[in-house]
Amino acid sequence: QVQLVESGGGLVQAGGSLRLSCAASGRSFSYAMAWFRQAAGKEREFVAYIIWSGDTTYYADSVKGRFTISRDSAENTVYLQMNSLKPEDTAVYYCAAGSVASGSLNRYRYWGQGTQVTVSS
């Protein structure tokens with residue numbers, strides 16, 4: 001079993017930055033890790049993933065060049081650095097772990113509880 005706990009959300013003005021963290025615990029960890037987000041009234045969408053062992057990353061077009069996903073293997077923690085934030089980035093952000101890196105949420109078995117990010121204009 002894997003537990004994921006997100007933190008770092010909050011309220012920020014447009015153009016600002018936030019860093020989200022996802023602390024993983026449980027069984028031996030070598031999963032693909034991803035961030036998804038869900039805005040009010042919308043479906044959950046892919047943001048970024050990182051392959052734990054290889055540092056390969058991939059981003060949704062909407063965040064490419066503004067967001068950076070990274071991980072600290074020693075701390076079993078994944079980060080999402082979000083810069084140049086826009087009001088349309090407002091959503092609940094979820095961390096997920098799965099055996100295969102993918103932009104599809106169905107590929108991820110383990111999910112955190114989510115953290116709210118609100119960007120004011």
For Glu45, what residues pass the salt bridge (charged side-chain N to carboxylate O under 4.0 Å, His left out) criterion, not counting sequence neighbours? Arg37

Report the distance from atom CG of Leu105 to atom CH2 of Trp111, rounding to the nearest 0.5 Å. 5.0 Å

Any chance you could lay out the side-chain contact (heavy atoms from CB on, under 4.5 Å) test for Trp35 and Tyr59, step after step, and finish with the verdict? CA-CA 10 Å; Trp35 288 95; Tyr59 298 90; over 6 Å; no

Relative to each other, are the rings of Phe67 and Tyr93 parallel, tilted or perpendicular (30° and 60° limits)? tilted

Tyr108 side chain to Ser102 main-chain N or O, any donor-acceptor pair under 3.5 Å? yes

Not counting sequence neighbours, which residues clear salt bridge (charged side-chain N to carboxylate O under 4.0 Å, His left out) with Lys42? List them please. none

Report yes if the side chains of Arg109 and Ser99 come closer than 4.5 Å at any heavy-atom pair, otherwise no. no

Decide yes or no for Ile50 and Thr56: does some side-chain heavy atom of the first lie under 4.5 Å from some side-chain heavy atom of the second? no

Please determine if Arg44 forms a cation-pi arrangement with Phe36, meaning its NZ or CZ atom is less than 6.0 Å from the six-membered ring centre and no more than 45° off the ring axis. no

With under 30° as parallel and over 60° as perpendicular, where do the rings of Tyr49 and Phe46 fit, or are they tilted in between? tilted

When you compare the side chain of Glu6 with that of Ser21, does any pair of heavy atoms fall below 4.5 Å? no

Nearest non-hydrogen partners of Val78 and Arg71, listed with the distance: CG2-CB, 4.0 Å

Is there a donor-acceptor pair under 3.5 Å between the side chain of Gln38 and the backbone N or O of Val92? no

Just by modelled atom types, is the Leu11 backbone N or O under 3.5 Å from a matching donor or acceptor in the Thr118 side chain? no

Side chain of Thr90, backbone of Val119: donor and acceptor closer than 3.5 Å? yes

Closest non-hydrogen atom pair, Ser121 against Ala14: CA-CB, 4.4 Å

Minimum heavy-atom separation for Leu85 to Leu18, with atom names? CD1-N, 3.9 Å

Applying side-chain contact (heavy atoms from CB on, under 4.5 Å), run through Leu80 and Met82 and close with a yes or a no. CA-CA 6 Å; Leu80 186 67; Met82 305 185 295; 3.9 Å; yes

For Tyr79 and Thr68, run side-chain contact (heavy atoms from CB on, under 4.5 Å): C-alpha distance rounded to whole Å, both residues' side-chain angles, the deciding distance at 0.1 Å, then the answer. CA-CA 8 Å; Tyr79 302 99; Thr68 302; over 6 Å; no

Heavy-atom side-chain proximity of Ser70 to Gln81 below 4.5 angstrom: no

Return the minimal non-hydrogen interatomic distance between Ala91 and Ala39, and the atom names on each side. CB-N, 3.7 Å

Mind checking whether Tyr110 and Gln3 have side chains closer than 4.5 Å, heavy atoms only? no

Should Ser84 and Lys86 be marked as a side-chain contact (heavy atoms from CB on, under 4.5 Å) after you check the CA-CA gap, both sets of side-chain angles, and the distance that decides it? CA-CA 7 Å; Ser84 302; Lys86 305 175 182 179; 6.0 Å; no

Considering all heavy atoms of both residues, which atom of Asn83 and which atom of Ser17 are nearest to each other, and what is their separation? OD1-OG, 2.9 Å

Using a cut-off of 6.0 Å, state whether more than 12 heavy atoms not belonging to Arg107 lie near its atom CZ. no

Between CG of Asp89 and CZ of Arg66, what distance do you get to the nearest 0.5 Å? 4.0 Å

Between atom CG of Leu20 and atom OG of Ser7, what is the distance when rounded to the nearest 0.5 Å? 8.0 Å

Going by distance alone, is a donor N or O of one side chain under 3.5 Å from an acceptor N or O of the other, for Thr77 and Asp72? no

